[in-house]
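Working notes for the structure below.
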Amino acid sequence: MLDIAVIEDPATAESLLDPVRTRLLEALAEPASATMLARRVGLPRQLVNYHLRTLERHGLVELQEERRKGNVMERVMRASASSYVISPAALTPLQPDPDRAPDHRSAMWLLALAARLMRDVGSLLAGAARERRQLSTFALDAEIRFASAADRAAFADELSATVVALIGRYHDEAAPRGRTHRVLVAIHPSVPAHAPTTSHKEA
C-alpha cells in the first residue's frame, strides 16, 4: 500500500469523489471482503460490490487475497493507498497556469504555483514508484509571527535576495550531467488549527 497516491486521470478522480466510495476506501485501510465491508459500513452487499468493482477498475483498491468460503471464492480487497491527492492534471483544460500573470504578492499566483507543485511532484512521484526508486526532494515548513506588516515586507525582501543569491551561486547551465530543479518559496498567513468552515449565507 502506498502512503499517498496521486490521481491524474479525470475518470479516476470522478470515481474517488463519490461519497460512498470515499467511505469504502477509508474502511479498506484494513483488508475486507465485500461481505465484511458491507457490515463495516452498514450498506447492502450488492451496493458495496458495485462500488468495489468501480474502485478496482480505476486502481483505487487492489486484491489482497482470494480465499475459499464454502463453495464460494471470496475476494479480500484493500485500499491501494493510505491517502489520495487529486492532481490539477486531472483538470487539464482548467488547471491554473502560473506563467499567465506572475505577481509575487498575489495570492492567486501563489495558488497557481502550488497547483503546479502538486502536479509536477505528483507526476515525478508516480514515475519514481513505477521505477521503484527514490525521489530526491527538499521541503522546509515553519511558522513566524511578524510584529508588523513592515516587518513582513522586510523579511520577504531579505528572503528573496538570499534565495536569488544562492541560485546565482549554485546554478550551472553548462554542467554536462546536471539536472534542473525548481525552487518555490512562499509566505502566507497561518490558518488556525480549528478554523471554522466557511459557509455561504442565504440571501
Side-chain angles (χ1 to χ4, degrees), residues 2-10 12-14 16-17 19 22 25-26 29 81-129 131 133-203:
L2 298 172
D3 287 335
I4 302 176
V6 181
I7 308 302
E8 298 178 315
D9 174 62
T12 303
E14 182 180 4
L16 180 64
L17 291 173
T22 301
L25 279 174
E26 184 180 8
S82 299
S83 57
Y84 299 85
V85 172
I86 297 178
S87 167
L91 299 171
T92 304
L94 302 176
Q95 60 182 310
D97 179 7
D99 295 327
R100 190 174 300 158
D103 180 353
H104 291 174
R105 302 190 184 280
S106 166
M108 296 300 175
W109 192 54
L110 175 56
L111 276 178
L113 290 171
R116 182 176 65 188
L117 174 71
M118 185 183 298
R119 182 198 66 201
D120 290 354
V121 174
S123 177
L124 290 166
L125 192 60
E131 298 172 11
R133 59 176 173 80
Q134 291 291 320
L135 177 64
S136 296
T137 61
F138 172 80
L140 176 66
D141 182 32
E143 286 192 337
I144 180 172
R145 186 177 181 88
F146 295 109
S148 65
D151 281 357
R152 184 185 64 228
F155 177 86
D157 289 342
E158 188 173 343
L159 178 62
S160 178
T162 301
V163 172
V164 168
L166 283 170
I167 290 173
R169 184 187 308 167
Y170 288 101
H171 179 68
D172 188 346
E173 191 71 40
R177 300 183 62 185
R179 181 175 183 181
T180 302
H181 287 66
R182 186 173 293 281
V183 178
L184 172 62
V185 179
I187 304 172
H188 64 81
S190 295
V191 178
H194 302 291
T197 303
T198 302
S199 60
H200 297 285
K201 295 183 180 179
E202 293 184 1

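Heavy atoms only: backbone and side chains are in, while hydrogens, waters and symmetry mates are out.
Between the OG atom of Ser83 and the CD1 atom of Ile4 there is a distance of 4.5 Å, given to the nearest 0.5 Å. We find the CG-OG1 distance between Leu117 and Thr137 to be 9.5 Å, quoted to the nearest 0.5 Å. Distance check: Leu25 CG to Leu16 CG gives 6.0 Å after rounding to the nearest 0.5 Å. Note that CZ of Arg116 and CG of Asp99 are 6.0 Å apart. Values are rounded to the nearest 0.5 Å. Here the OG1 atom belonging to Thr162 is positioned 11.0 Å from the CD1 atom belonging to Ile167, to the nearest 0.5 angstrom. Atom CG of Leu110 is separated from atom CG of Leu184 by 7.5 Å, given to the nearest 0.5 angstrom.
Within a 6.0 Å sphere centred on CD of Glu131, heavy atoms belonging to other residues, nucleotides or ligands number more than 12.
Applying the side chain to side chain contact (heavy atoms under 4.5 Å, CB included) rule to Leu125 yields the partners Val6, Leu135; only residues at least two apart in sequence or on another chain are considered.
A pairwise comparison of heavy atoms in Ala90 and Pro10 identifies O-CG, 3.4 Å as the closest pair. In this structure, Ser190 and Glu143 approach most closely via the heavy-atom pair OG-OE2, 3.1 Å. When every heavy atom of Leu124 is checked against every heavy atom of Arg179, the shortest pair comes out as CD2-NH2, 3.9 Å. Nearest heavy atoms, Ser82 versus Asp3: CB-O, 3.5 Å. Asp97 and Ala112 get closest at one heavy-atom pair: C-CB, 4.3 Å. Listed here is the closest heavy atom pair of Ser87 and Arg119: OG-CA, 3.5 Å.
Counting only heavy atoms from C-beta outward, the side chains of Val121 and Arg182 never approach each other to under 4.5 Å.
Without hydrogens or angle criteria, Ser148 side chain to Asp151 main chain gives a donor-acceptor distance under 3.5 Å. Side chain of His104 to main chain of Pro102: no donor-acceptor pair is present (N/O by atom type, distance under 3.5 Å, no hydrogens or angles).
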### Query
Would Arg105 and Asp157 count as a salt bridge (charged side-chain N to carboxylate O under 4.0 Å, His left out) if you check the C-alpha gap in whole Å, the side-chain angles of each, and the deciding distance to 0.1 Å?
CA-CA 11 Å; Arg105 302 190 184 280; Asp157 289 342; 3.6 Å; yes

### Message
Under the criterion side-chain contact (heavy atoms from CB on, under 4.5 Å), I'd like the reasoning laid out for Leu166 against Val183: C-alpha separation, chi angles, the key distance, then a yes or no.
### Response
CA-CA 11 Å; Leu166 283 170; Val183 178; over 6 Å; no

